[in-house]
Amino acid sequence: MRIVTWNINSLRLRLPLVERLVGALNPDVLCLQETKVEDGLFPHEALAALGFAHRAVVGMKGYNGVAILSRLPLGATTAKRWCGRKDARHLAVRLPGDIELHNFYVPAGGDIPDPAANDKFAHKLSFVEEAARWWARQKQRGARRVLVGDLNIAPLEHDVWSHKQLLDVVSHTPAEVERFARWQESQGWVDAVRHFVPADQKLYSWWSYRAHDWVASNRGRRLDHIWVSPVLQPSLERAIVLREARGWPQPSDHVPVSIDLAAD
DNA sequence: ATGGTGGATGCTCCA
């Protein structure tokens, strides 16, 4: 089973790129973030025509929004609120094979890495703290779980183009990275992409729109993640970061990240 | 050190 996560930065604008993604990766399950579309305007027909017969959606007007599109039947769907807000940042579904799949869009956190001076950064820290606490309370440690999404944090030194220069840049600050680590430890989550790509190798999933030439400057960050519960680690077959998607016409600033899980 | 671009919206927010 192939599961792909992608911050698409407006689903309706980039529907043609979903078709292109299907051509490139043919996901069984596609998790999107920043769909930026309210549920009543969600392009169900176009996605059904691409083979995604099963869809779970939670959106809002203009901002945020997540969706899970699937060729396989989806079981029970839940959308949890975080930090007491109804801001469409989470969806969970049950997949065939008794897999619980969670799709997250973590707040970006604004520009100033100081929770006292920047409410958005405070919200981001609270969100990750709450996620870590919530997951620490979830028992059934042997459960088959996959967690994907734009987590908006690049935790490792080689998840950013310059560790030193990004230590005080939102997405790579110690305050974020420590909380991210606590979240990951909360269930012993396995970083499914770093399982295949050594930690000393640079790996990015996002390149800013603000670069004149994203290829030449290559100042990327790895903000998009796929985690699996420990019991699923032996089922990991492959991970792909589809760098070429950043060069597609009118691209998202994020690229799709994919894993293959062995059927069993 | 600064400002750079892109998307949705509607005279500005968010990333």
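For clarity, every value in this text was computed on a predicted model and none was experimentally measured. Sequence lines set the chain letters: A, B, ... in the order given, protein chains first and strands last, and positions in each chain run from 1.
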Item checked: Listed partners of S208(A) passing side chain to side chain contact (heavy atoms under 4.5 Å, CB included), at least two apart -> W206(A), R210(A)

Margin query: Between dA1(B) and dT12(B), how many Å separate the two P atoms, rounded to a whole number?
Written below: 31 Å

Notebook entry, point to check: Taking the same atom, P, in dT5(B) and in dT9(B), what whole-Å distance lies between them?
Noted result: 22 Å

Notebook entry, point to check: With a 3.5 Å cut-off and no angle check, do the side chains of R221(A) and S171(A) form a donor-acceptor pair?
Noted result: yes

Checklist line | Atom-pair distance (NZ on K124(A); P on dC14(B)), nearest Å | finding: 15 Å

Next item on the list: Please name the residue in the list R89(A), E34(A), Q33(A) that meets the side chain to side chain contact (heavy atoms under 4.5 Å, CB included) test with V66(A).
Entry: Q33(A)

Item checked: Atom pair distance, as rounded to whole Å: CG in N7(A) and C1' in dC14(B) -> 12 Å

Checklist line | Between dC14(B) (P) and D253(A) (CG): distance, integer Å | finding: 17 Å

Checklist line | Spacing of R221(A) atom CZ relative to dA15(B) atom C1', expressed in whole Å | finding: 11 Å

Next item on the list: Kindly write out the residues that satisfy side chain to side chain donor-acceptor pair (under 3.5 Å) with S258(A), not counting sequence neighbours, or none if the list is empty.
Entry: none

Check: Among Y105(A), F127(A), W135(A), whose ring-ring contact (aromatic ring centres under 6.0 Å, His included) with W82(A) holds?
Finding: F127(A)

Margin query: Tell me the interatomic distance from D119(A), atom CG, to dC14(B), atom C1', rounded to whole angstroms.
Written below: 14 Å

Item checked: Contact residues, residues 154-173 of chain A to DNA chain B [heavy atom, < 4.0 Å] -> none

Checklist line | Pairwise C1' distance for dC14(B) and dG10(B), with rounding to whole Å | finding: 15 Å

Item checked: Listed partners of Q165(A) passing side chain to side chain donor-acceptor pair (under 3.5 Å), at least two apart -> S162(A)

Checklist line | Sugar-phosphate or base contact per nucleotide [nucleotides 1-12 of chain B; S, B, -; heavy atom under 4.0 Å] | finding: ---BBSSSS---

Note to self: Just to verify, what does R243(A) make a side chain to side chain donor-acceptor pair (under 3.5 Å) with, not counting sequence neighbours?
What the structure shows: N218(A)

Notebook entry, point to check: How many Å lie between OH on Y105(A) and C1' on dA15(B), as a whole number?
Noted result: 6 Å

Check: Using the benzene-type ring in the case of Trp, are the ring centres of F180(A) and H225(A) under 6.0 Å apart?
Finding: yes

Next item on the list: Indicate yes or no: at least one non-hydrogen side-chain atom of P27(A) is less than 4.5 angstrom from one of L30(A).
Entry: yes

